Amino acid sequence: MPDPLTPSALLALDAASAAASAAVWCDGRIVTEESLAMARGQSEQLLPLAQCVMEQAACSWDQLDAIAVSTGPGGFTGVRIGLAAAQGLALALDLPLIGLSCFEVLAAQAARHAGAPSAAILILIDAKRAEVYGQLVGADRSLPAGLYDQDSLLAALLPRDQPLLLAGSAAPDWRSRLADAGLSVEDLGLAFSVSALACLAAARPLPQRPWPLVEPLYLRGADTTTPKAPPRWISTAKGNQA
């Protein structure tokens, strides 16, 4: 039975990190990538950025075999924007969508950087509020993907003699905290890369019809605020002041 086909060309999109990013992978390599650092505004920039990298790569939309997208965790709005943009393109172009978590991508980056696929890699992604999205991979005792504060993270990691390699946006800030608690840690200095997302997705077999649904990995619910009073433009009963 022949092996499942892998993509020969794909477009990768990311808005889960503090950026809008896009890359084109074609014929075994990254042809081009662009990234715009931003905490907000990805919805206005992501699709124009996709058009930009496609033009830079001299790649037509009908040459693509798939769309790849990061599924989180990250900023709630960014994850939603990236997934919506990728789903829209995949639907319009009748292409499969390949979703990969930021944990998967960062773990692959770290393993390649360290040159040791079985190394204990702790992925730490900034979640604000003195918390991190964390996952430990390649270790004798795993840490499941989740939202952690300092106490819960240390409780899950200690005691541990095996050195930990750190990767992700929160690694620089958390390295000293983990070291002060007695853990042996090394920060690899790696942040999420849309090119790594593209390469990892390109190595996966193409999904077969009916294409599977790609779900976001939020790990934290959206922040919502209930209005204390109706806006002034809402009509009120006759005789009442707006």
Side-chain angles (χ1 to χ4, degrees), residues 6-113 123-126 133 167-172 188-204 206 214 216-217:
T6 55
S8 59
L10 65 78
L11 170 69
L13 301 176
D14 169 61
S17 56
S21 304
V24 175
W25 185 96
C26 185
D27 295 331
R29 66 185 181 93
I30 296 296
V31 180
T32 186
E33 69 170 303
E34 292 289 344
S35 185
L36 300 174
M38 57 179 63
R40 296 179 179 84
Q42 292 99 325
S43 59
E44 291 82 14
Q45 297 295 333
L46 191 57
L47 288 178
L49 199 61
Q51 178 69 45
C52 176
V53 294
M54 290 292 289
E55 292 175 355
Q56 289 177 358
C59 182
S60 63
W61 294 100
D62 59 7
Q63 288 179 266
L64 296 176
D65 296 313
I67 305 293
V69 66
S70 56
T71 60
F76 182 91
T77 301
V79 171
R80 183 184 60 184
I81 288 169
L83 195 52
Q87 287 173 332
L89 283 174
L91 181 62
L93 299 168
D94 193 26
L95 293 174
L97 183 61
I98 302 173
L100 294 172
S101 76
C102 296
F103 289 134
E104 292 176 90
V105 176
L106 280 162
Q109 289 179 245
R112 175 178 294 185
H113 182 87
I123 311 299
L124 298 174
I125 299 170
D126 186 18
Y133 300 117
S169 58
L188 297 176
L190 295 175
F192 180 92
S193 163
V194 70
S195 290
L197 165 66
C199 291
L200 195 58
R204 303 286 177 93
L206 282 169
V214 174
L217 180 60

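Every value quoted in this text rests on a predicted model; they were computed, and no experiment measured them. Values below: all heavy atoms of this structure, side chains included; hydrogens, waters and symmetry mates excluded.
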Going by side-chain hydrogen bond (donor to acceptor under 3.5 Å, both in side chains), name the pairs with one or both residues in residues 7-20, residues two or more places apart or in two chains.
Ser8-Asp65, Asp14-Ser17, Asp14-Ser70

side-chain hydrogen bond (donor to acceptor under 3.5 Å, both in side chains) contacts touching residues 30-40 (sequence neighbours left out)
Ser21-Ser35, Thr32-Gln56, Glu33-Ser195, Glu34-Gln56

Provide the closest heavy-atom pair for [X] versus [Y] in the form atom of the first, atom of the second, distance.
X: Pro7; Y: Ala202; result: CD-O, 3.4 Å
X: Ala107; Y: Ile123; result: N-CD1, 3.8 Å
X: Ala203; Y: Thr6; result: O-CG2, 4.0 Å
X: Cys26; Y: Val31; result: CB-CG2, 3.6 Å
X: Ala68; Y: Ala201; result: CB-CB, 3.6 Å
X: Ala86; Y: Ile67; result: CB-CG2, 4.0 Å

Can you tell if the side chain of Ile125 reaches within under 4.5 Å of the side chain of Pro73, non-hydrogen atoms only?
yes

Contacts satisfying salt bridge (Lys or Arg N to Asp or Glu O under 4.0 Å) that involve residues 15-25 (not counting sequence neighbours) are none

Summary of salt bridge (Lys or Arg N to Asp or Glu O under 4.0 Å) pairs that have at least one residue in residues 73-88, sequence neighbours excluded
none

As a quick check of understanding, evaluate side-chain contact (heavy atoms from CB on, under 4.5 Å) for Cys199 and Trp25, giving each step before the final call.
CA-CA 7 Å; Cys199 291; Trp25 185 96; 4.0 Å; yes

Working to the nearest 0.5 Å, report the span between [atom1] of [X] and [atom2] of [Y].
X: Leu197; Y: Ile30; atom1: CG; atom2: CD1; value: 8.5 Å
X: Leu83; Y: Leu217; atom1: CG; atom2: CG; value: 11.0 Å
X: Tyr133; Y: Asp126; atom1: OH; atom2: CG; value: 9.0 Å

Going by atom type alone, with no hydrogens or angles, which donor-acceptor pairs under 3.5 Å involve a side-chain atom of residues 95-103 and a protein atom two or more places apart or on another chain?
residue: Ser101; atom: OG; partner: Phe103; partner atom: N; Å: 3.4
residue: Ser101; atom: OG; partner: Glu104; partner atom: N; Å: 3.0
residue: Ser101; atom: OG; partner: Glu104; partner atom: OE2; Å: 3.4

Which residues share a side chain to side chain donor-acceptor pair (under 3.5 Å) with Gln87, sequence neighbours left out:
none

Hits for side chain to side chain contact (heavy atoms under 4.5 Å, CB included) against Ala196, two or more places apart or cross-chain, chain-then-number order -> Val105, Gln109, Ser193

Decide side-chain contact (heavy atoms from CB on, under 4.5 Å) for Trp61 and Leu89; before the verdict, give the C-alpha distance in whole Å, the side-chain angles of both, and the deciding distance to 0.1 Å.
CA-CA 10 Å; Trp61 294 100; Leu89 283 174; 4.2 Å; yes

Hits for salt bridge (charged side-chain N to carboxylate O under 4.0 Å, His left out) against Asp94, two or more places apart or cross-chain, chain-then-number order -> Arg209

Check residues 43-54 and write down every donor-acceptor pair under 3.5 Å in which the side-chain atom is one partner and the other belongs to a residue at least two apart or another chain.
residue: Gln51; atom: NE2; partner: Glu55; partner atom: OE2; Å: 2.9

